Structures are given as C-alpha cells and as structure tokens.
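Model, not experiment: these values are computed from the prediction. Values reported hereafter were calculated over all heavy atoms of this structure, with side chains retained and with hydrogens, waters and symmetry mates removed.
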Amino acid sequence: MTFSKYSVSFLLFFCSTLLYGQHSSLLHRPHMALKEWRFQKGVVYNAQSVDFEDSHWEKVTVPHTYSMEAITGVGYYRGPAWYRSVSEIPITMKGQRIFLRFEGVGQEAEVFVNGTSVGTHIGGYAAFCFEITEESRAGELNTIVVKTTNEPNFKRIPVNDKLFNHYGGIYRPVYLFATENTHIRPDYFASSGIFLTLKEHDTEKAALALEAHISSNSGNGEALLSVRIKNKQGPTVVMKEFPVTLTAKDTVIHTSVTIEKPKFWQGRQAPNLYTALVSIQQGAEKDTVAQDFGLRTFEIDPEKGFVLNKEPYRLYGVCMHQEWQQIGPALLTEHHEEDMAQVEEIGAKAVRLSHYQHSEAAYRLADEKGLLVWAEIPFVHDYSGREAENAKQQLKELILQNYNHPSIYVWGLWNEVRAYDSPDEACVTLTKELNAQAHQLDPTRKTTSASDRGMESNMGNLTDLQAWNKYYGWYYGEYEDMGKWLDEYHIKYPSRPVGISEYGVGGNIYHQDSTKLEKPSGDYFPESEQTKYHEITWRILEERPFIWSSFVWNMFDFSVAGWNRGGIPNLNHKGLVTFDRKTKKDAFYFYKAHWSEEPVMHLVGKRDNKTSKKYRDIKIYTNQGKLKLYANGKKLRSTPKVNGKIAVFEKVPLISGENKIKVVGPRGIEDSMELLVE
C-alpha cells in the first residue's frame, strides 16, 4: 500500500470506489480518489508552490465545503480558499497519460500540479478534467493544489444567491487516473467521450449512431475500435469491431450499431438499461470506456401531455436541491441514494433537478429508478448582461456530460429570469442563443424554461416548451386560482403545451396552529396550511391531463442564507421533507397515497397533538379500502367520509388526558398517534 505525505491510502485500479461517486468511465482505467487535503480559507501568497509550508492548515476530507455558516449563521464567506494534496502517483502509471477529474468545485477553480497551472474552470456545478501527463511524475510525490473561490462574479451564472446558496469548495469527488497513449477522450468537456443516439426503431430492432472521441499521442496511424453492448444485467446483444485511421491527435469516429429485439426504457414501469463497452486499441495498448444508456422516445402533446414511447405517461413529481443540513452540498453517494429513495418512495414519476447541474450520481440513480429528469443550468432570477459566455459553457457541459442518460427529457435554460423593459434585453438574446446551442448539441431533446411572469412576456415562449412557477394563494391570489389560470391558458393557447415547473407553500413542522398563519414572509408557517394547499392544488392538477409535467416545490427544505421567515432563519420551508431528512411532513404522505402503488396509511396531524376539545375529526391519507378506527382501544362504529385518497372520521370522542388513536386497513396495515386533551 502506498502512502502520501499526509498518510492517506488510496484505492487503486478496480477497487470498490463507486461508493465514493466514481464516474463510470473510470471503471476500466487505473485510478485513485483524492480525498485527504490541507485547507486554508482566504488570500494566501504562493500557496501553489511545491515547497509551501502548509502543516498548520486544516486537514479536510473531500467532498468538502467551506460555506456551512450559510446554514447556521447570518451570511456566509464569499471569497478565495486553497486546497493542497501531496500524494504519490503509482509507478505503474509511468508511460501512461495522467488526468485529474473534478466532479464539481464551487464556484471557480485553478489547478496546479507541482507548481504549474494546468487549467482553470469557471462554474460551480459541472465536472472538468485536465491532462497532467507533462506536469506529474509517476512513482514520486506530487503536489496538487486547487485555488478556488465562491465570490460573486457577474460574468458567471448564477450572478447572485437570492434563491439558493453558492457554496465554495471541492464539494464533489476528485480522481487522478491514467489512460493508454491512445484513448477515448476523458477531457472532452469531462464527458465519457462516447455518445449514443437512437435513430430508427421498431419492435424488432433499434438502430443507433455512436460517436467516439479519440485522442492519440502518435497523432496518426491505424487502430482497432470495438463496441460491445450488453443488457445492464444480462447477455451481450451487440459485438462490432473494425479498423480506424487516426489522422490527427484528436479524431471523431462515427459508426452505427443495431440492437435486435430492443428493450425500451419505460420509466417507473421498466427502466431497462444497456451498457456499451467501447474500446480503442493501438498495438498492445487498449483503452476501454463503459457507457450506460437506454432506448426511449418522447413527445409533448398539447392535449395528452407527456408521451413516452408512443404512450401517454402522466408526469408529476418534485423539484430538488442538492444539499443536506448536516453537510451542505458535500454529499456522498449514500446521501444521493437516500434522496432518490425518498423521491422513489413518494411515487414521483419525474424530478426537476434545480437549479443547476447535479451530481452524476443523481442522474444515474434516476436512470435506474425510471425517473424522468428536467436538467438545467443556473441561469437564475437576475442577469448582468455579461454572463453569456459562461452560460453557454455551462450548457455545453451539462449536455455533453449527461447526453446518454435516458432519464433526461428536457434541458432547462433559465428560471425566473425577467426582461421587464423590452424584447431586446440581453437575457432575451442569450436565451435564443442557448436554445440554438442546445439543439445543435442535442437534436433529440426539447428545451424548456420556468417563468414566474404571465402567459406572455419578453422572456416567455422562447424555448420549445414553457412552464410556470405558480404560487397561487401564497404570494398572490387564492389556492383555487391555479385551476382558473390553467383553463384560461389552455383555451387561449390550445396548441401550446403547458407545464407547472413549481408549486408549493411553506410548512414548519414546529408550527401547528392554523389560526396563526403569516404568509408569505411572516414568522409562522403551520404545517396544516401546507397540507391544505396541496390537497386543493393536486386535485386541480390531477383533473387536467393536458399538463405535460408538474413539480412540487420542493422535495426537501433547503437553505437560503439571509432569509428569515417561517420561524427558522436561512430556510425555505416549502419542502415535503425536513432539511435534515429526518421528518416527512403530512403533505409527503398525501402525495404518496396518490402517487405510490405501495400501501399507504397515514394519520394526519400527529404533531398537532394537543387540544382542549372533546371531539376531533381524524383524517387519514390512504390508498387502501375499508378502514377501522380505534380510540383508546375501542373500535368506532362510524364510517369515514372518503374523498379520493382522503378519509375522515368526523367528531371522534376524546377523553381528558392522553388518547391513543389507531387506524387499521386491509391486510393489517395500520398507523397510530397520541392526542392530549388538556
């Protein structure tokens, strides 16, 4: 085992580093995760130098953020910071090409290897990859330094943090790896270098175009390209091998493959996946990349809504940020798995990964679970007129790094960006350019955007699809106005599909007195009001199948530094689950009863457990049949009033002191709660 200066051992070659978030393209390449670093916040002179003294710096483990006070304090640090790692590169990598891959650094980074700058990256959410063959030394200690900053930059999106925190640090995994001298390019915008596109299909066969980006130190010569496609957990279905001529250092190879009796990716019903093992061999050297993909088609119909593989497929789900109260954005694979498991549990068919490129683990898990994904760049809220170049870069990275995910069905270009004055504002021009760029990079998917303006606006309807963030009854109007607006839109623009990109209201689990509601910016957000809102709004959405997708804002509570509303500072309370992931609010179970096929039996209002009244209505969210209610061990003879997935036993008698309530459904599924009559 090799040890670094900081006494850190690394998992090499084919060890089980997937738990750390390993990119699939590393599976067949020797690699090591760079986890242990020295860290210092602030302006530091010459910290990139090999002989810089850093023994007094803090020891940290990546993923790491230096912005946790955004969650716990007032404001947070926005400025530079440094990371240093001194590690031995295995002698076995000598003679190979060596790369560094960062999955995400917030919000800007410059990387140094042995004192030499090897590259910079601007943007806090996409991966980036630098070749360090010339600067590194296999078999010796190498000094790797990252200078990063999360300070505001009007030439970078997002330009401000009014809607979510801009965390700083190396908050996603870092890998050092080696390839053969002729290889499939890992530095082509940090993608896998392999792109698969479904061209033609029927029940008997599916024809795909395959594009491979090859790099060779020799610059030219003959090589052998092989393609092997197999079911994700099954037999090989395609084998193809043919000679290619490499005419330059970087060569793009196009070929086609055909899958007989294809299995399509069918969303939650059957998320069938394939793996393409693509190899380039020159002489005795062979480089292989594993790329997962799925086969599916989709379209948006103004009347039928979303159509998957030629069949109507109702899309509803949740929006999601990528942060936990305990660790901010520095999530491990287990945290991504927990988040997606809860999205799966609630029965969602889609997820909007807001408002930026998420971790690669999130898209992979969506593929595996059959969740349709709205993926987007952080062109959010405000604009400076100087961010166009960076916005285009981030869109290109988003598309190329995630092109093969069958779960992704739309590319989101902006959220709540407003052109108040004219259709010639910089944000309008930029949207048109981003839209054209998206179609040039990926002709197979639609573009979309999330508007908080009216049916017509300077920014509206510039993308293929338009969706709206609607908060009726919270920021304006009444809850029932959602239905009126949808019907008005559908009648006025019958050929335009309509989507709801956000809807929701705040709900604090520590607030239970519905008479004290202070919306939208007060100090009291009772959970029962959130529950009431979703009961009304989901009924409105459910009755209108023409909506091509609808997303609850938000799956989880999340931090917004400087907010002070709803009784907990720095928190947006609109989540269906608390920020720490420990408590599922009543509204979570409301949706689970409607969306999930799993048995659901949930007594509503468990946290509203003190009363002075002798009678109380007992509400249950359930997708089960006949219910039995017990109060203090006695079965009630009354039957509940049932409205869809909501059952209510009216005026249940209570006794002074503690009351034990239990509801039992078919096959013994049950739930219980305690009420205290004071």
Side-chain angles (χ1 to χ4, degrees), residues 264-271 296-319 343-344 346-352 366 370-374 407-410 412 445-451 455 460-461 463-473 479-504 533-553 555 576 587 590-598 600 621 623 642-646:
F264 275 67
W265 190 88
Q266 299 281 9
R268 292 290 301 266
Q269 179 183 350
R296 80 284 179 268
T297 65
F298 44 77
E299 56 187 294
I300 312 295
D301 186 276
E303 291 296 333
K304 298 177 182 178
F306 187 77
V307 178
L308 177 65
N309 298 323
K310 303 300 182 182
E311 295 293 334
Y313 189 80
R314 188 72 186 270
L315 275 197
Y316 45 75
V318 295
C319 301
V343 173
E344 182 180 38
I346 203 173
K349 288 186 176 179
V351 58
R352 181 184 175 203
L371 293 165
L372 273 296
V373 170
W374 168 329
S407 56
I408 296 175
Y409 71 105
V410 285
R445 293 180 175 94
K446 301 289 188 182
T447 60
T448 191
S449 53
S451 174
M455 295 180 186
N461 304 297
T463 49
D464 298 334
L465 300 167
Q466 188 63 69
W468 276 266
N469 300 343
K470 287 297 183 183
Y471 291 93
Y472 284 112
Y479 296 156
E480 291 80 2
D481 291 342
M482 176 73 88
K484 299 174 184 176
W485 182 86
L486 285 166
D487 291 339
E488 179 185 352
Y489 182 97
H490 194 50
I491 292 171
K492 189 173 183 179
Y493 305 102
S495 62
R496 280 191 199 170
V498 57
I500 299 297
S501 38
E502 295 178 20
Y503 69 99
Y533 165 85
H534 283 292
E535 289 180 1
I536 294 171
T537 304
W538 172 247
R539 174 182 52 80
I540 292 169
L541 298 175
E542 186 179 31
E543 292 172 352
R544 291 162 173 82
F546 58 82
I547 300 170
W548 61 267
S549 62
S550 60
F551 297 93
V552 175
W553 186 266
M555 182 63 185
L576 303 177
F590 169 77
Y591 283 108
K592 184 176 180 180
H594 282 80
W595 294 350
S596 176
E597 295 181 359
E598 294 181 4
V600 178
Y621 294 147
N623 54 12
V642 178
N643 182 10
K645 309 297 182 182
I646 305 172

Checklist entry - Does atom CD of E597 have more than 12 heavy-atom neighbours, drawn from other residues, nucleotides or ligands, at distances under 6.0 Å? => result no

So do [Y] and [X] actually touch side chain to side chain, heavy atoms under 4.5 Å?
| X | Y | answer |
| --- | --- | --- |
| T297 | V307 | no |
| R445 | F298 | yes |
| R544 | V498 | no |
| I500 | L541 | yes |
| P302 | R496 | no |
| L372 | K349 | no |
| M455 | Y493 | yes |

Item to check | Worked check of side chain to side chain contact (heavy atoms under 4.5 Å, CB included) between M482 and Y503 | outcome: CA-CA 10 Å; M482 176 73 88; Y503 69 99; 3.9 Å; yes

Partner residues of [X] under the side chain to side chain contact (heavy atoms under 4.5 Å, CB included) criterion, sequence neighbours left out:
| X | value |
| --- | --- |
| H594 | W538, E542, F590, K645 |
| A450 | R352, W374, N415, N469, S501 |
| E480 | E478, I536 |

For [X], give me all partners under salt bridge (charged side-chain N to carboxylate O under 4.0 Å, His left out), at least two apart in sequence or on another chain.
| X | result |
| --- | --- |
| R296 | none |
| K470 | none |
| D301 | none |

is_close_aromatic([X], [Y]), centroid dist under 6.0 Å:
| X | Y | result |
| --- | --- | --- |
| Y479 | Y533 | yes |
| Y621 | Y591 | no |
| W468 | Y489 | yes |
| Y316 | W595 | yes |

Item to check | Polar side chain donor-acceptor pair, S449 to Q466, under 3.5 angstrom | outcome: yes

Next on the checklist: Pairing donors with acceptors under 3.5 angstrom, does anything connect the side chains of T448 and T463?
Outcome noted: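 The criterion, which ignores hydrogens and geometry beyond distance, is not satisfied for T463 and T448.
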
Ignoring hydrogens, what is the shortest heavy-atom contact between [X] and [Y]? Give both atom names and the distance.
| X | Y | value |
| --- | --- | --- |
| K304 | P312 | CD-CG, 4.4 Å |
| W265 | G370 | CZ2-CA, 3.4 Å |
| G267 | L308 | N-CD2, 3.8 Å |

Next on the checklist: Within this structure, what is the CD1-CG distance for the pair I547 and L486, rounded to the nearest 0.5 Å?
Outcome noted: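 Result: 4.5 Å between the selected atoms.
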
